[in-house]
Amino acid sequence: MWFMFALLTAFAWGGADLFYKKGTDSQDRYSHIKIVIIVGIVMGIHATAYMLIQGLTFDPMDLIRYFPVSALYILSMAVGYIGLRYIELSIASPVQNSSGAVTTILLFIFFTHELGALEIVGVAVITLGIIGIAILEKKAEHQALQKSATQIDKKYQIGVIAIIFPILYCLIDGLGTFADAIYLDELSLISEKAALLAYEYTFFICAILSFTYLKFFEKVKFNLFKERDKGFAAILETTGQFFYVFAMSSNAIIAAPLIASYSIFSVILSRIFLKEKLSKAQYAVIIVVILGIALLGVADEL
């Protein structure tokens with residue numbers, strides 16, 4: 001089932017990326033804080049509903065036990081939200097999600113794993129495809145900027161500072177996913193359900209703190225019900241997180257790069273809904289990544 005959970009996570013997070021970008025205002029320096037607030041509120045609601053429906057008992061100590069993982073994830077997401085103000089989704093997402101390769105490398109270094117030929121080829125193809133998409137996107141954007149004589153929206157400009165954000169996300173999220181693999185798969189330090197509740201309630205606490213800062217210290221007016229795109233992003237983010245913990249608990253070393261391929265779905269959706277153009281080379285890379293995903297699916301059935 002880990003393969004299906006990983007695919008569902010990739011689909012959900014690919015959709016979330018689209019709405020993150022649509023809901024990001026390059027002129028609003030508090031945009032990333034607003035996203036944290038909305039995502040945290042949705043996660044808090046989901047965690048409470050899930051706990052009540054499943055009849056679970058939440059141990060507050062799980063917040064502390066799982067905090068190293070939660071902190072890395074939330075920090076990486078906050079960095080990613082800031083970066084969306086300055087760089088195109090189709091560039092940011094593939095660079096960020098090279099984190100799956102970081103996780104796989106760390107797991108290979110610190111833990112012993114036996115992978116079949118199909119699994120190795122599948123992981124390699126997906127990872128190279130994600131990196132390839134990032135390179136092609138950066139090249140295409142550079143050419144577009146050279147040809148264009150019009151003023152480019154601030155959030156579509158590329159510079160040293162802009163590209164730092166997805167790189168930082170990649171490294172921090174890669175470490176977070178590695179830590180998650182240790183907690184859920186390698187050493188089984190916490191159950192999937194406990195990890196889900198701990199993470200979502202930690203994010204909820206961050207949302208409360210962020211709202212308090214925005215409302216009472218910065219005096220910023222913020223109406224949750226007018227942030228529709230951020231709301232859709234939060235719902236999809238939470239949906240992906242639900243499936244994510246179950247995917248990571250079974251086969252983390254393979255699930256991590258597969259889940260990271262959600263950047264491919266982000267790129268496709270950004271073309272459809274944000275009207276960002278896609279070249280033949282980019283289509284080719286996307287097809288290659290999909291073939292890599294198919295190889296992992298076949299390997300899972302063998």
Side-chain angles (χ1 to χ4, degrees), residues 9 12-52 58 60 62-64 66-87 89 92-93 96-97 154-155 162 165-166 168-169 172-173 176 180 195-245 262 266 269 274:
T9 302
W13 283 353
D17 259 12
L18 171 69
F19 285 105
Y20 281 140
K21 190 62 180 181
K22 289 184 67 178
T24 298
D25 182 359
S26 62
Q27 304 301 320
D28 183 3
R29 65 192 184 98
Y30 300 109
S31 180
H32 59 290
I33 299 178
K34 293 176 182 178
I35 294 177
V36 169
I37 293 171
I38 295 176
V39 172
I41 290 174
V42 172
M43 284 196 175
I45 293 172
H46 174 264
T48 302
Y50 182 67
M51 182 174 61
L52 294 176
F58 178 65
D62 286 337
L63 288 174
I64 300 174
Y66 197 65
F67 183 74
V69 180
S70 297
L72 286 168
Y73 278 150
I74 294 171
L75 177 60
S76 68
M77 290 176 71
V79 168
Y81 297 153
I82 297 172
L84 285 177
R85 292 171 56 198
Y86 304 107
I87 189 168
L89 170 64
S93 185
Q96 288 175 174
N97 293 294
K154 183 180 178 181
K155 70 180 178 181
F165 289 110
L168 284 175
Y169 177 99
I172 298 170
D173 186 67
D180 216 5
L196 178 65
L197 294 177
Y199 175 71
E200 293 190 337
Y201 277 132
T202 301
F203 216 127
F204 180 65
I205 292 171
C206 289
I208 294 174
L209 294 175
S210 298
F211 181 80
T212 301
Y213 167 75
L214 207 61
K215 189 75 174 178
F216 299 103
F217 289 89
E218 294 295 327
K219 308 296 183 182
V220 175
K221 293 182 180 180
F222 179 39
N223 189 331
L224 291 171
F225 299 101
K226 291 184 178 180
E227 302 286 351
R228 186 175 62 178
D229 287 330
K230 292 183 178 70
F232 285 138
I235 291 170
L236 288 167
E237 180 71 45
T238 304
T239 301
Q241 185 63 37
F242 175 78
F243 293 117
Y244 172 82
V245 293
Y262 79 77
S266 299
L269 291 172
L274 300 184

Would you check, one step at a time, whether the test side-chain contact (heavy atoms from CB on, under 4.5 Å) holds for F203 with M77? CA-CA 11 Å; F203 216 127; M77 290 176 71; 3.6 Å; yes

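- Taking the six-membered ring where the residue is Trp, F217 and Y213 present parallel rings, their angle staying beneath 30° rather than reaching 60°.
- To the nearest 0.5 Å, the span separating CD on E218 from OG on S210 amounts to 11.5 Å.
- Atoms CG and OG1, on L197 and T202 in that order, are 10.5 Å from each other to the nearest 0.5 Å.
- Note: Y199 OH to S70 OG = 7.0 Å, rounded to the nearest 0.5 Å.
- Ring-plane geometry between H46 and F242 is classed as perpendicular, the angle between the planes exceeding 60 degrees on a 0 to 90 degree scale with a lower cut at 30.
- Between W13 and Y262, the two ring planes are perpendicular [angle over 60°; tilted spans 30° to 60°].
- With rounding to the nearest 0.5 angstrom, the CD1 atom of I38 is 5.0 Å from the CD atom of E227.
- Scanning all heavy atoms of the two residues, the minimum distance from V39 to T238 falls at O-OG1, 4.5 Å.
- Put simply, the side chain of L63 reaches to within 4.5 Å of the side chain of F58, judged on heavy atoms.
- Using the six-membered ring where Trp is involved, F19 and F232 have ring planes that are tilted, between 30° and 60° apart.
- Looking at every heavy atom in both residues, L269 comes nearest to G14 through CD1-O, 3.7 Å.
- Distance check: H32 NE2 to I37 CD1 gives 10.0 Å after rounding to the nearest 0.5 Å.
- Rounding to the nearest 0.5 Å places CZ of F211 at 7.5 Å from CZ of F222.
- Residues C206 and I74 approach most closely at SG-CD1, 4.0 Å, considering heavy atoms.
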Would Y81 and I33 count as a side-chain contact (heavy atoms from CB on, under 4.5 Å) if you check the C-alpha gap in whole Å, the side-chain angles of each, and the deciding distance to 0.1 Å? CA-CA 8 Å; Y81 297 153; I33 299 178; over 6 Å; no

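- The heavy-atom pair separating A16 from E237 by the smallest distance is CB-N, 3.8 Å.
- When all heavy atoms of A207 and G40 are compared, the closest pair comes out as CB-CA, 3.6 Å.
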Given side-chain contact (heavy atoms from CB on, under 4.5 Å), test T48 with F204 step by step and report yes or no. CA-CA 11 Å; T48 302; F204 180 65; over 6 Å; no

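- The minimum heavy-atom distance between I172 and S76, with the atom names listed, is CG2-CB, 3.7 Å.
- Pairs of residues two or more places apart, or lying in two chains, never qualify as salt bridge (charged side-chain N to carboxylate O under 4.0 Å, His left out) while including a residue from residues 74-84.
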